[in-house]
Amino acid sequence: MPYTRPEVQNEIMEIIFQENREILSRIIAEKIITLVQHKPNCVLGLATGSSPLLVYQDLIQAYEKGRVSFRKTRTFNLDEYLGCSTEKDTYRYFMDHELFDHIDIDKANTHFPDPACPKEYDRQIALSPIDFQLLGIGADGHIGFNEPGTSFDSLTHIAVLTEKTRRDNSRFFASFAQVPEKAVTMGLYTIMQAQEIALIALGASKKTAISQMFQEENIACPASILKKHRNAVIYIDWEK
Ligand code: GLP
């Protein structure tokens, strides 16, 4: 499937500041719910980490209330660790636990990149383009596992995690030593193909990355590529 770069414009992204992360998450969840209601077979790009958790809780509630069905929805997660010592540490487990097991999605339609053939993920995504991509951001400005220095033209690939990222993410593991050193991640180019992007940044630890993002686009801050996207919204809550 041939690749076409979306027509990118140098527009300033929309930024939504909100001191209440419940409200912030609700805004994003309602966008997703509206999309799925109008286009049940839509394609969602999903993220892990603590930032999207309230969004997932809102999606589960909407499903339980009968407002939305994910039966025809397809998902592509951003990334997956390599060499986890227990299944519970994988992002597949995280997503099953935090979302998929609680809604009516067909797990056959939930995808994660395969480290054995990363580029295959780009082929799959090109066949089912992502309508809405949810993103968190690392304290060093990474999105997915695209660490500083990653090419803006990158496709899905194996990434070596920085010590900082491993330390930041170690709270999800029994010990720092158990945090994998590598992951497979959608590339920055892959992420930019999504029709719409919502980046959620919660907490004071994300301030530096966000302010770097608003400086010039530079691979030193991978998230700064989003400034080139025509439909990216940044949701920010600096509290805690
Ligand atoms: C990991 C994930 C990223 C996520 C980041 C921030 O590194 N690969 O996709 O954005 O964590 O996580 P948190 O929201 O927990 O701060």
Side-chain angles (χ1 to χ4, degrees), residues 21 25 44-57 59-60 75-103 105 107-108 110-122 124 133-151 154-188 190-191 199-210 212 219-223 237 240:
R21 62 190 58 185
S25 303
L44 303 176
L46 298 179
T48 52
S50 49
S51 305
L53 286 177
L54 290 173
V55 176
Y56 295 154
Q57 284 172 24
L59 295 182
I60 293 167
T75 65
F76 287 94
N77 257 81
L78 276 170
D79 45 18
E80 180 57 281
Y81 286 115
L82 259 66
C84 284
S85 43
T86 94
E87 197 216 320
K88 286 194 166 179
D89 289 338
T90 64
Y91 280 160
R92 158 56 78 184
Y93 182 90
F94 177 100
M95 289 304 302
D96 284 350
H97 208 67
E98 300 296 343
L99 183 64
F100 300 150
D101 284 346
H102 310 287
I103 57 176
I105 200 160
K107 291 243 186 113
T110 64
H111 306 283
F112 287 77
D114 179 355
C117 43
K119 300 257 172 354
E120 171 62 14
Y121 211 46
D122 288 272
Q124 288 175 20
Q133 175 69 57
L134 184 58
L135 292 178
I137 183 168
D140 60 0
H142 73 251
I143 50 177
F145 270 128
N146 293 281
E147 296 282 24
T150 306
S151 163
S154 52
L155 299 176
T156 304
H157 63 281
I158 307 276
V160 177
L161 309 186
T162 63
E163 169 152 357
K164 162 113 186 89
T165 294
R166 293 182 63 229
R167 291 230 173 268
D168 288 348
N169 289 354
S170 63
R171 65 188 192 282
F172 293 109
F173 292 80
S175 69
F176 173 69
Q178 285 185 329
V179 185
E181 292 179 358
K182 288 183 180 172
V184 56
T185 180
M186 270 186 209
L188 294 170
T190 320
I191 292 170
L199 182 147
I200 180 162
L202 303 182
S205 65
K206 306 294 168 69
K207 265 191 180 170
T208 312
I210 294 291
Q212 258 191 311
I219 56 169
C221 177
D237 167 13
K240 285 183 254 168

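When a residue number appears, it is its place in the shown sequence, counting from 1.
Closest heavy-atom contact between Ser205 and Ala139: O-CB, 3.7 Å. Shown here for Gly187 and Asn146, the closest heavy-atom pair between the two residues is CA-OD1, 3.6 Å. Scanning both residues, Val184 and Pro118, for their nearest heavy atoms gives CG2-CB, 4.2 Å. Closest heavy-atom contact between Ser25 and Leu54: OG-CB, 3.3 Å. Taking every heavy atom of both residues into account, Ala220 and Pro148 meet most closely at O-CB, 3.4 Å. In terms of heavy-atom proximity, Asn77 sits nearest to Pro113 at O-CD, 3.7 Å.
Put simply, the side chain of His102 gets close to the backbone of His97: a donor and an acceptor are under 3.5 Å apart. A donor-acceptor pair under 3.5 Å is absent between the side-chain atoms of Asn169 and the main chain of Arg166, judged by distance alone. No side-chain donor-acceptor contact under 3.5 Å links Ser170 to the backbone of Phe173. In this structure, the side chain of Thr86 engages the main chain of Lys88 through a donor-acceptor pair within 3.5 Å. Checking side-chain atoms of Gln178 against main-chain N and O of Ser85 turns up no donor-acceptor pair under 3.5 Å.
Atom CD1 of Ile143 and atom SG of Cys221 lie 8.5 Å apart (nearest 0.5 Å). Taking NZ from Lys119 and CG from Asp114, the interatomic distance works out to 13.0 Å, rounded to the nearest 0.5 Å. Between the CZ atom of Phe94 and the OH atom of Tyr56 there is a distance of 7.0 Å, given to the nearest 0.5 Å. For the atom pair CZ (Phe112) and OG1 (Thr48), the distance works out to 8.0 Å, reported to the nearest 0.5 Å. Here CG of Leu134 is found 8.5 Å from CG of Leu59. Values are rounded to the nearest 0.5 Å. In this structure, CG on Asp122 lies 4.0 Å from OG1 on Thr190, to the nearest 0.5 angstrom.
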Does Tyr91 form a ring-ring contact (aromatic ring centres under 6.0 Å, His included) with Tyr81? I'd like the steps, not just the answer.
CA-CA 7 Å; Tyr91 280 160; Tyr81 286 115; 4.6 Å; yes
I'd like to know whether Glu181 forms a side-chain contact (heavy atoms from CB on, under 4.5 Å) with Val160, so could you lay out the CA-CA distance, the side-chain angles of the two residues, the decisive distance to 0.1 Å, and finally the verdict.
CA-CA 6 Å; Glu181 292 179 358; Val160 177; 5.6 Å; no
For Thr90 and Glu80, run side-chain contact (heavy atoms from CB on, under 4.5 Å): C-alpha distance rounded to whole Å, both residues' side-chain angles, the deciding distance at 0.1 Å, then the answer.
CA-CA 7 Å; Thr90 64; Glu80 180 57 281; 3.7 Å; yes
When you look at Leu188 and Thr150, which way does the side-chain contact (heavy atoms from CB on, under 4.5 Å) test go after all the steps?
CA-CA 8 Å; Leu188 294 170; Thr150 306; 4.2 Å; yes
Tell me, with the steps shown, if Leu161 and Glu147 meet side-chain contact (heavy atoms from CB on, under 4.5 Å).
CA-CA 7 Å; Leu161 309 186; Glu147 296 282 24; 4.1 Å; yes
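Between Phe100 and Ile60 the shortest side-chain heavy-atom distance does not fall below 4.5 Å. Residues Cys84 and Tyr93 have side chains not in contact (no heavy-atom distance under 4.5 Å, counting atoms from C-beta outward). Contact annotation: the side chain of Leu135 never approaches that of Ile200 to less than 4.5 Å [non-hydrogen atoms, C-beta and beyond]. Residues Lys107 and Asp101 form a side-chain contact, since some pair of their non-hydrogen atoms from C-beta on lies under 4.5 Å apart. The shortest distance between side-chain heavy atoms of Pro52 and Leu46 does not fall below 4.5 Å. Under the 4.5 Å side-chain criterion, counting only non-hydrogen atoms from C-beta, Met186 is not in contact with Asp79. Thr165 has its side chain within reach of Phe145: a pair of non-hydrogen atoms, C-beta onward, lies under 4.5 Å apart. Looking only at side-chain heavy atoms (C-beta outward), Leu78 and Ile191 come within less than 4.5 Å of each other.
Using modelled atom types and a 3.5 Å distance limit, the side chains of Ser51 and Arg21 yield no donor-acceptor pair. Counted by atom type alone, Arg167 and Thr162 present zero donor-acceptor pairs between their side chains at under 3.5 Å.
The pair Lys164-Asp140 does not count as a salt bridge, with every side-chain nitrogen at least 4.0 angstrom from each carboxylate oxygen.
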